[in-house]
Amino acid sequence: MNLQNFKFETDSDGVALLTWDMRDRSMNVITLEVMAELEQVVDAVVADAAIKGCVIASGKESFSGGADLTMLEGFSRQFAQMLKTDGEEKANQAFFDGSRKLSQLYRKLETCGKPFAAAINGVCLGGAFELALACHYRVVSDNEKTRVGLPEVKIGLFPGAGGTTRVSRLMQTGDALQMLFKGDQMRPQQAKTMGLVHEIAPVADIVAKAKAWIVAGGKGVAPWDAKDWRPPSGRVYSPAGMMTWPAANAIYRRETMDNYPAVKAILHCVYEGLQLPMDLALRVESRWFAKILRSKEAAAMIRSLFVSMGDLNKGARRPKNVPPSKIKKVGVLGAGFMGASIGYVTAGAGVEVVLIDRDQAAADKGKQLSHKLMTEQINRGRARTADRDALLARITATPDYAALADCDLIVEAVFEDRAVKADVTKKAEAFMRSDAIFASNTSTLPITSLAENFSRQDDFIGIHFFSPVERMMLVEVILGKKTGDRALAMALDFVRAIRKTPIVVNDTRGFYANRCVLNYIREGHIMLDEGVPPAMIETTARMAGMPVGPLSLNDEVGVDLGWKIVQATKNDLGAAAVDPREERILDALYNKNQRMGRKNGKGFYDYPEKAPKKLWPGLADLQSVKLDPDTLDVEELKQRFLTTQANEAARTVEEGVVTDPREADVGSILGFGFAPCTGGTLSYIDGMGAKAFVAQCERLAAKYGPRFTPCKLVVEMAEKGETFYGRFAPGKAA
Ligand code: NAD
């Protein structure tokens, strides 16, 4: 055998060990070459009577991250080419054949007659876990970092190499659907409880355990290929099946609003597959996979949530001229709502933290948050007491600025008040190392003007977190006029260390994410003023793909904050910059009814203590007109929500605030949940084409007002037939 990606050896017991260890890659991935070599191995194991069976393990720290997505993209490119040269039927056939090769290879392994066992350490995800599922026995290590799962759905795909078919044959249908819909990664114990793996062992023993199973006579027959096999939940057409399927459909609709074809395909594969013998079920799964792989949703999600996000996480915008820095200690000024959480995520990444507030009690209160959040983790079984102790030991809570002396980076998160910020910046500078970077977490104040309080303005930068910091994955890094490369590089190194995704934006009011999301919330306010039923506002927003309705979102961030932002905008930019309908709604809620949102238990919703939140009935009194829901155009309401955000995103590009479309797209999904199925704000425009987008804007502007007027940039792009990804080729800005 000529193997480049594997090592193959057979021991004296006649058990083969196939060690997957790709050269020049830190992680094993499934490529066409890997597939060809694996096929050779299966043939060799079958052909050699002296070989009893085979264990598949990895020579790296992890088993494998799954299929190489560029291989899948290659199929799509080939398809587009064949469509032109050979016609639709041939192109479809070739695409189907190509995209099911992996599924067929795994089935070949599963039915070859000899037992295969997988010995898994570290991550084993996607196509790699599908390989493990096709093996007849699975041993996983008890390592902290071991995770198995099928996360394909998160990028608009589904486990199409037998994953849905095997998982639904291994466990109860409801559990299988939940696992496939969510795409979560599982720890060893959870995977064992769910019946996905057979054995957990210390990493040093996994190969031996897998071999021992073969030596002890482990059979090369999958449960579903045995004669007496029955599906775990019984037949689809049975009373039990009828308890599952209507609910599964309803859950699918509720969770996706029918925006995610891959999730629907999972339902189809499981429902249809469970009624068929294994080989036919796999064929049906392959048909769905070929369809989904060519969907525009999968293409958009793979680009934004896998390729672009990966690029940004790896430092696509990091200045190449600055050597990598290791951030060991970070000072956080202000141990309030944001500062306390920033301290927590920083310490959680193994970095020392100095948490400063006005007095010891305030600093201690901030540190207390870390205790609380870690305790929650312990209670959920996700951390140990020792982890909490270690994390807390990394945080020094103090009012003493002298403790900042050996920090590499300071993040300021005190009150949003220029004078307070100026004061703490100066105090900190007096003790900071002369090469340390100073960052502000301001949400509204220009970084360039805050930098004036610091003598080394090139070492001053914005690092803007989103709340709740421990859950929100996006961080905006803001460049002031004088911010230098070293500050940018260190800010990006810090964001990487705390495992969040950075986007780099230039300094303007609202930066990027807040500008777009404020438009979204405003559209909800305006619809309320127009007389659209509140429930319809919330539901159509979710139908458009947003994770929460605009009124809910306003309640989460605070109706009081909404009011303050509108007032600040009016003061700074004049009355014309504010929509009077939005001001009236916010005034009625906040000033006239003291409804501040979730924080005081009343906002656009009521928050009863022991019941789910409900829209506040008083909203009806704020509507002088009440529109009949049956006369409203749902598609148009959806378009209004997405268009107002996408147009604003395009405007940030026009103004040079955002310079790379990858950042606009990734930032919009991670920062404010912009319909992930579209690939993000700019992909939404590129997806329909600038011309169609401009037409949509103009139609909405004629009917609803100039806030929908398309920005100059998209009009120009429409005229020239350009796309964002074409005109602003990713990476150009770096
Ligand atoms: P907060 O009021 O909860 O916390 C501010 C903290 O700063 C308080 O603990 C206060 O005691 C402390 N402080 C005030 N003056 C100080 C001084 N002179 N020295 C030391 N500590 C001092 O406010 P927050 O919501 O955490 O906001 C902090 C910053 O983060 C603001 O700039 C805000 O714009 C920004 N921000 C907030 C959010 C959000 O969702 N709340 C999101 C992004 C950014």
Side-chain angles (χ1 to χ4, degrees), residues 331-346 353-370 395-404 410-432 438-447 449-451 453 460-478 495 500 502-503 505 507 509-515 517-518 521 553-565 567-569 596-599 667 670-672:
V332 180
L333 308 183
F337 181 65
M338 293 301 283
S341 313
I342 297 167
Y344 168 71
V345 296
T346 307
V353 173
V354 177
L355 190 56
I356 292 205
D357 210 296
R358 288 177 289 188
D359 50 43
Q360 188 65 47
D364 286 342
K365 190 165 167 248
K367 181 170 174 178
Q368 198 54 33
L369 177 85
S370 291
I395 305 178
T396 308
T398 174
D400 183 5
Y401 283 71
L404 298 173
I410 309 290
V411 180
E412 169 276 304
V414 296
F415 297 144
E416 189 75 338
D417 178 303
R418 279 182 183 283
V420 179
K421 289 203 188 287
D423 177 47
V424 300
T425 307
K426 286 180 184 137
K427 274 191 190 146
E429 186 168 13
F431 290 97
M432 280 168 67
F438 193 100
S440 174
N441 178 47
T442 178
S443 28
T444 56
L445 304 168
I447 293 300
S449 65
L450 291 179
N453 303 312
F460 195 102
I461 194 162
I463 300 186
H464 183 221
F465 286 87
F466 293 83
S467 135
V469 176
E470 58 281 7
R471 287 219 305 273
M472 297 296 286
M473 295 314 294
L474 184 72
V475 174
E476 282 179 332
V477 172
I478 297 125
V495 176
K500 301 221 181 266
I503 62 169
V505 300
D507 194 14
R509 193 185 181 78
F511 314 127
Y512 169 66
N514 283 346
R515 276 177 65 166
V517 81
L518 285 174
I521 293 176
L553 184 59
N554 198 167
D555 271 4
E556 296 300 326
V557 296
V559 181
D560 53 331
L561 183 66
W563 170 256
K564 280 181 200 143
I565 291 172
Q567 293 315 302
T569 310
M596 289 157 66
R598 190 186 278 280
K599 65 172 95 163
L670 298 189
F672 49 99

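Read the numbers this way: they start at 1 and go in the same order the structure lists the ligands and their atoms.
Considering only non-hydrogen protein atoms, atom 32 (O) of ligand 1 sits nearest to E416 OE1, 2.4 Å. The protein heavy-atom contact nearest to atom 34 (O) of ligand 1 is S443 OG, 2.6 Å. At the shortest separation from atom 15 (N) of ligand 1 among protein heavy atoms lies V420 CG1, 3.4 Å. Protein heavy atom in closest approach to atom 40 (O) of ligand 1: S467 CB, 3.5 Å. Taking atom 2 (O) of ligand 1 as the reference point, the nearest protein heavy-atom neighbour is F415 CE2, 3.3 Å. If you check which protein heavy atom lies closest to atom 11 (O) of ligand 1, you get D357 OD1, 2.6 Å. For atom 4 (O) of ligand 1, the nearest non-hydrogen atom of the protein is G336 CA, 3.3 Å. Annotation: atom 37 (C) of ligand 1 to nearest protein heavy atom, M338 CG, 3.4 Å.
Looking at K500, its side chain does come within 3.5 Å of a backbone N or O of V469 through a donor-acceptor pair. Although no hydrogens or angles enter the test, the distance criterion places a donor-acceptor pair under 3.5 Å between the side chain of N441 and the main chain of F465. Put simply, the side chain of E412 never gets that close to the backbone of V424: no donor and acceptor are under 3.5 Å apart. Counting only distance, with no hydrogens or angles, the side chain of E476 and the backbone of A513 share a donor-acceptor pair below 3.5 Å. A donor-acceptor pair is defined here as one N or O able to donate and one able to accept, closer than 3.5 Å; no such pair exists between the side chain of K367 and the backbone of T396.
An N or O contact shorter than 3.5 Å links F337 to ligand 1 by distance. At under 3.5 Å, not a single nitrogen or oxygen of T442, backbone or side chain, sits near a nitrogen or oxygen of ligand 1. Where the criterion is an N or O separation shorter than 3.5 Å, residue side chain and backbone included, F465 fails it with respect to ligand 1. In terms of N/O distances under 3.5 Å, ligand 1 is approached by K421.
Distances below 4.0 Å separate heavy atoms of Y401 from the following atoms of ligand 1: 19 (N), 20 (C). Which parts of ligand 1 touch H464 is read off a 4.0 Å heavy-atom cut-off, strictly below it: atoms 43 (C), 44 (C).
Proximity of A335 to ligand 1, defined as any heavy-atom pair under 4.0 Å, is confined to the backbone N, CA, C and O atoms.
For atom 44 (C) of ligand 1, the choice among V424, V411, N441, I463 with the nearest heavy atom turns out to be N441. Closest heavy-atom approach to atom 17 (C) of ligand 1 among the candidates M472, E476, K427, R358: R358. Scanning V414, D423, V557, V469 for the heavy atom closest to atom 31 (C) of ligand 1 points to V414.
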*Evaluate side-chain contact (heavy atoms from CB on, under 4.5 Å) for L670 paired with M472, printing each intermediate quantity in order.*
CA-CA 7 Å; L670 298 189; M472 297 296 286; over 6 Å; no
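To the nearest 0.5 Å, atoms OG1 (T569) and CG (L518) are separated by 7.5 Å. To the nearest 0.5 Å, atom CG of residue N554 and atom CD1 of residue I521 are 5.0 Å apart.
Between Y401 and L333 the shortest side-chain heavy-atom distance falls below 4.5 Å.
For atom 9 (O) of ligand 1, the protein comes within 4.0 Å by at least one heavy atom.
F438 meets the ring-ring contact (aromatic ring centres under 6.0 Å, His included) test with F454, F460; sequence neighbours excluded.
Considering every non-hydrogen atom in both Q360 and A397, the closest pair reads NE2-O, 2.9 Å.
At a threshold of 4.0 Å, the pair D357-K365 does not count as salt-bridged, since none of the basic side-chain nitrogens sits closer than that to a carboxylate oxygen.
Residue contacts with ligand 1: A413 is included, with a non-hydrogen atom under 4.0 Å away.
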